[in-house]
Amino acid sequence: MLPVNWLQQAKEHQKAYKRLLEKGNRDKMLRVLPELHEQAFAKIDCLECANCCKNYSPRFKQPDIKRIAKRLKIKEGDLVATYLRLDDDGDYVVKQSPCPFLAADNTCDIYEDRPSDCRRYPYTDEDVLLKRVSLTLKNATVCPATFVVLEKLLELEGKG
């Protein structure tokens with residue numbers, strides 16, 4: 001079960017997570033990530049949370065823009081002008097938070113055609129979790145599933 005104070009714990013464990021991700025046994029962690037990912041999402045219902053959609057923006061790559069514009073039956077340029085802006089890295093991201101495609105019930109209006117970043121988030125079943133430490137640390141304070149996976153990894157390393 002997810003602790004009520006998971007966010008506080010995630011903030012308190014940032015140094016331990018960083019140490020684990022940078023110095024832990026990468027091969028061992030990569031082997032267990034898919035199972036830990038499944039366990040976390042068996043406990044957590046994204047529709048009850050939607051913190052990612054409320055606080056983050058995915059990158060909208062060209063294939064995403066093309067697919068979403070087609071779904072919305074608008075021109076790609078209109079999608080960009082209406083919903084997106086360029087960030088400091090030169091990536092298209094949503095202009096506002098929460099995401100304009102997030103419905104009141106925390107569902108996604110473009111779910112079947114959502115950006116690749118949304119499909120993959122929070123990267124708890126792939127090597128991005130280990131490769132992009134700063135992103136993973138940030139995700140641990142946004143996504144309860146990331147918190148659960150990192151806590152399990154700490155336990156497996158004997159540091160939990």
Side-chain angles (χ1 to χ4, degrees), residues 1-18 20-22 29-30 32-72 76 79-80 82-154:
M1 203 66 193
L2 187 66
V4 176
N5 64 341
W6 73 268
L7 181 56
Q8 179 185 340
Q9 285 184 31
K11 289 176 181 175
E12 290 171 357
H13 294 176
Q14 289 285 298
K15 285 183 183 174
Y17 297 157
K18 187 174 196 282
L20 171 75
L21 295 168
E22 291 177 346
M29 287 189 284
L30 283 172
V32 298
L33 280 182
E35 181 182 341
L36 295 181
H37 172 87
E38 292 300 321
Q39 289 174 8
F41 281 97
K43 293 180 184 178
I44 294 159
D45 179 0
C46 293
L47 294 177
E48 290 181 15
C49 177
N51 281 348
C52 51
C53 305
K54 293 173 184 171
N55 297 294
Y56 271 173
S57 174
R59 291 171 298 177
F60 284 70
K61 296 182 178 174
Q62 196 55 46
D64 300 322
I65 292 169
K66 185 178 191 109
R67 192 175 57 253
I68 295 164
K70 184 177 179 182
R71 177 190 185 96
L72 297 175
E76 292 173 33
L79 174 75
V80 170
T82 304
Y83 299 106
L84 307 179
R85 67 174 176 82
L86 282 173
D87 70 4
D88 295 338
D89 296 324
D91 293 319
Y92 281 110
V93 295
V94 292
K95 287 181 180 178
Q96 67 186 55
S97 287
C99 177
F101 304 111
L102 180 65
D105 63 355
N106 285 343
T107 58
C108 176
D109 291 337
I110 59 167
Y111 188 77
E112 293 304 318
D113 294 302
R114 68 195 185 279
S116 171
D117 275 2
C118 296
R119 287 182 193 282
R120 295 171 56 210
Y121 188 85
Y123 315 104
T124 48
D125 59 348
E126 55 183 275
D127 65 354
V128 171
L129 186 92
L130 306 175
K131 287 182 176 175
R132 297 190 56 200
V133 174
S134 62
L135 176 65
T136 299
L137 294 175
K138 185 176 176 185
N139 288 347
T141 63
V142 174
C143 177
T146 305
F147 165 78
V148 168
V149 168
L150 289 173
E151 288 294 311
K152 287 289 186 187
L153 285 174
L154 282 176

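- Aromatic ring pairs are classed by plane angle as parallel below 30°, tilted from 30° to 60° and perpendicular above 60°; the pair H37 and F41 is tilted.
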For side chain to side chain contact (heavy atoms under 4.5 Å, CB included), just list the numbers for E48 and N106, CA-CA rounded to whole Å, side-chain angles, deciding distance to a tenth of an Å, and then say yes or no. CA-CA 7 Å; E48 290 181 15; N106 285 343; 6.0 Å; no

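- With a 6.0 Å radius and a threshold of 12 heavy atoms from other residues, nucleotides or ligands, K70 has its NZ atom at or below the threshold.
- Rounding to the nearest 0.5 Å gives a distance of 11.5 Å between CG of D109 and CD1 of I68.
- The shortest heavy-atom contact between V94 and P100 is CG1-CD, 3.7 Å.
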For the pair Y121 and V142, evaluate side chain to side chain contact (heavy atoms under 4.5 Å, CB included) and give the outcome as yes or no after the intermediate values. CA-CA 11 Å; Y121 188 85; V142 174; 3.7 Å; yes

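- Residue N139 holds its CG atom at 8.5 Å from CG of L129, rounded to the nearest 0.5 Å.
- A distance of 8.5 Å separates CG in L72 from CG in D113, rounded to the nearest 0.5 Å.
- At most 12 non-hydrogen atoms from other residues, nucleotides or ligands lie less than 6.0 angstrom from NZ of K66.
- Under the 3.5 Å distance criterion, the side-chain polar atoms of T141 are matched with a main-chain donor or acceptor of K138.
- At a threshold of 4.5 Å between non-hydrogen side-chain atoms, the residues V80 and F60 do not count as touching.
- The main-chain N or O of D117 is never found under 3.5 Å from a side-chain atom of K61 such that the two would form a donor-acceptor pair.
- Note that CG of L102 is 10.5 Å distant from CD1 of I110, once rounded to the nearest 0.5 Å.
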Applying side chain to side chain contact (heavy atoms under 4.5 Å, CB included), run through R85 and D87 and close with a yes or a no. CA-CA 6 Å; R85 67 174 176 82; D87 70 4; 3.8 Å; yes

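- Scanning both residues, P34 and D125, for their nearest heavy atoms gives CA-CB, 4.3 Å.
- The distance from atom CG of L47 to atom SG of C53, rounded to the nearest 0.5 Å, is 9.5 Å.
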Show, in sequence, the C-alpha distance, side-chain angles and deciding distance for Q39 and V148, and conclude whether the side chain to side chain contact (heavy atoms under 4.5 Å, CB included) test is met. CA-CA 9 Å; Q39 289 174 8; V148 168; over 6 Å; no

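- Note that the OH atom of Y123 and the CZ atom of R132 stand 6.5 Å from one another [nearest 0.5 Å].
- Across all non-hydrogen atoms, the minimal contact from V149 to A40 is CG2-CB, 3.9 Å.
- Of the N and O atoms on the side chains of E151 and Y17, at least one donor lies less than 3.5 Å from an acceptor on the other residue.
- Around the CD atom of E76, the shell of radius 6.0 Å holds more than 12 heavy atoms that belong to other residues, nucleotides or ligands.
- A 4.5 Å side-chain heavy-atom check between C108 and C118 finds every atom pair outside the cut-off.
- Residue K152 forms a side chain to side chain contact (heavy atoms under 4.5 Å, CB included) with just one option from V32, L33, L36, and that option is L36.
- With respect to D64 and R67, a salt bridge is recorded, a charged nitrogen being found less than 4.0 Å from a carboxylate O.
- The two atoms that bring L20 and M29 nearest to each other are O-CE, 3.5 Å, heavy atoms only.
- Ring planes of F101 and Y83: tilted class, angle from 30 to 60°.
- Annotation: side chain of P3 is in contact with side chain of Q9 (closest heavy-atom distance under 4.5 Å).
- Among all heavy-atom pairs drawn from L150 and A140, the shortest one is CD1-CB, 3.7 Å.
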